[in-house]
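Along the sequence shown, residues are numbered consecutively beginning with 1. Small disclaimer: the values here were computed from a predicted structure and weren't measured. Order of appearance sets the numbers: ligands from 1, and atoms from 1 within every ligand.
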Amino acid sequence: MKKEMKKILVTGSVGQIGSELTMELRNRYGAENVIATGRKTQPSEELKNSGPFHFINVNDINSIEEIVKKYDIDTVYHMAAILSAVGEKNPQLCWDVNMNGTINLLELGIKYEMARIIIPSSIAVWGAGVPLDNTPQESVLKPSTMYGVTKVCGELLCDYYVQRFGLDIRGLRYPGIISYETLPGGGTTDYAVAIYYEAVDKGEYTCFVKEDTRLPMMYMPDAIEGTIQLAEADFDKLIHHSDFNHAAMSFSVTDLADSIRKRIPDFKVGYEPDYRQAIADSWPNSIDDSAAQEEWGWKPKWDLDAMTDDMLKHLRERKEAGTLYR
Ligand code: SER
């Protein structure tokens, strides 16, 4: 197996995490070495103009293989996925994209002797039967959503390919990710992003989960830093591969609203819980990421108040420029 990382493919590069990850990878490794891909959504001007971009369908192995061959890809960040809320509306599509996309990339990893494949997992792997606070790395994985099922299966599949074929695969169980560049698409934790946009836009927000809903969360710069840090970690020091708990903070909607209210005193929040409440209730409040700390030195930088300051600063600037929702 090749052990260098020279040509990087990012799937899902138009998505919430993929868009910022691609730009950071281009900064670090050279724009021409990072090949961004998406399914249908048009890339931003920044993404399109800063390096190669192609449309592919991760369910169609030939469409990925064309790009892998064209650019001699040796590293993949596989960010394309259907998230939890959309997955519950269309479970078959969720299975199809999340599982077939993953196995297609793993097979190409073997065929082209790739150096490294990064495939994210999620807090959605958990369901009944785990302690909700500080959920341990090794715990029962009984998700209640199709998204969670695909993430558990994905972790198992990746670990199988590590053991059986010697592929170098790494993955993190992301908490809810909060960011201002690209809106998330169809997750349960999306409320923690939407609340900032609406606070800046209208001064009020109606939340689709109850005020005491508490979930593990992370600000985007930490998510990007952690992902690249894991990708660059020494393989021989890793005991885990595809399933690292990855934590930064944990807060309820009330905590989040209070943090915003310290900066926007008359901010109002209403509550109209919908089907996503049950999904949120099935996930932990907080998770224990000591394996990530011990095996590759993970340490988050952002807490709730620092994140709120930064989110509001950026979103206010965008509102003034008339590009809040772009
Ligand atoms: N943010 C994701 C979701 O809500 C969880 O990984 O679906």
Discussion item. Using only atom types and a distance under 3.5 Å, with no angle test, would you say the side chain of Glu204 pairs donor to acceptor with the backbone of Ala199?
Written reply: no
Worksheet item: Does Arg214 make a cation-pi contact with Trp283, if we ask for NZ or CZ under 6.0 Å from the ring centre and within 45° of the axis?
Response: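 No, Arg214 does not lie over the aromatic ring of Trp283.
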Worksheet item: When you measure from the centre of the six-membered ring of Tyr71, is the NZ or CZ of Lys6 under 6.0 Å away and within 45° of the axis?
Response: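 No; the conditions do not both hold, so Lys6 does not lie above the ring face of Tyr71.
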Practice prompt. Would you check ligand 1 and list the protein residues that come within less than 4.0 Å of it by any heavy atom, ordered by chain and number?
Written response: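 Those residues closer than 4.0 Å to ligand 1 by some heavy atom are Leu83, Ser84, Ser122, Tyr147, Gly187, Thr188, Thr189, Trp283.
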Discussion item. With side-chain contact (heavy atoms from CB on, under 4.5 Å) as the criterion, how do Tyr219 and Lys301 come out once you've worked through the C-alpha distance, each side chain's angles and the decisive distance to 0.1 Å?
Written reply: CA-CA 9 Å; Tyr219 197 30; Lys301 293 200 178 80; over 6 Å; no
Discussion item. Check this for me: Arg164, atom CZ, are more than 12 non-hydrogen atoms of other residues, nucleotides or ligands nearer than 6.0 Å?
Written reply: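 Result for CZ/Arg164: open.
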Worksheet entry | Non-neighbouring partners of Thr145 that pass side-chain hydrogen bond (donor to acceptor under 3.5 Å, both in side chains), sequence neighbours left out | none
